[in-house]
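One structure is given here, and the rest of the page talks about it.
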Amino acid sequence: MENTLSIIKPDAVAKNVIGKIVDRFESNGLKIAAMKKVQLSQADAEAFYAVHASRPFFGDLVKFMISGPVVIMVLQGENALAKNRELMGATNPKEATKGTIRADFAESIDANAVHGSDSLENAENEINFFFAQREIL
Ligand code: CMP
């Protein structure tokens, strides 16, 4: 059993497709072990994406992530991390496989509908950043 972090980003929340995205996870054997809707502060977004702080897109990324509410989830299941990444599709929706979340709901590499942890170590850190143990069920 594995846990990974998923964020439905402001573009997808604004499009009113939270349920459609959650359905992708549940229909593919992942459980929602924790879930909340949050308006991130600039400090939250900068801290969460600190690994990207030196990248040229960091400023735009932070600005986008605080542009509206996000839905943050812990996804749980066998191979949850890889399964989530497969369901999301490539970071750039223009390169995402047909039928993936990003191909179906995202517009651009910034407004790319969802975030998912990219390693088990990052998943643990990202989950602990947003959730207390008692909220993960
Ligand atoms: P995410 O999985 O949330 O992780 C970092 C985000 O930075 C990524 O999705 C993209 O939305 C955004 N981003 C913007 N430009 C790039 C880029 N050139 N490479 C990777 N991520 C980028």
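All heavy atoms count here, side chains included; hydrogens, waters and symmetry mates do not. In listed order, ligands and their atoms are each counted from 1. These figures come from a predicted structure and were not determined experimentally.
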Under a 3.5 Å threshold, I'd like every N/O contact between ligand 1 and protein atoms, with atom names and distance.
unit_1   : atom_1 : unit_2 : atom_2 : d
ligand 1 : 2 (O)  : His115 : ND1    : 3.2
ligand 1 : 3 (O)  : Lys9   : NZ     : 2.7
ligand 1 : 3 (O)  : Tyr49  : OH     : 2.6
ligand 1 : 3 (O)  : His115 : ND1    : 3.0
ligand 1 : 9 (O)  : Lys9   : NZ     : 3.2
ligand 1 : 9 (O)  : Asn112 : ND2    : 3.3
ligand 1 : 11 (O) : Lys9   : NZ     : 3.1
ligand 1 : 11 (O) : Ile109 : O      : 2.6
ligand 1 : 11 (O) : Asn112 : OD1    : 3.3
ligand 1 : 11 (O) : Asn112 : ND2    : 3.2

### Query
Relative to the ring of Phe48, is the ring of His115 parallel (under 30°), tilted (30 to 60°) or perpendicular (over 60°)?
perpendicular

### Query
If we ignore angles and hydrogens, is there a donor and acceptor under 3.5 Å between the side chains of Asn28 and Lys83?
no

### Task
Among residues two or more places apart or on two chains, list those pairs meeting ring pair (Phe, Tyr, Trp, His ring centres under 6.0 Å) that have a residue in residues 53-107.
His52-Phe57

### Query
In chain order, what residues pass the side-chain contact (heavy atoms from CB on, under 4.5 Å) check against Asn128, with sequence neighbours excluded?
Glu124, Gln133

### Query
Using a side-chain heavy atom cutoff under 4.5 Å and only I, L, V, M, F, W and Y, what cluster partners does Val51 have?
none

### Query
Once you round to the nearest 0.5 Å, how far does OG of Ser41 lie from CE of Met65?
11.5 Å

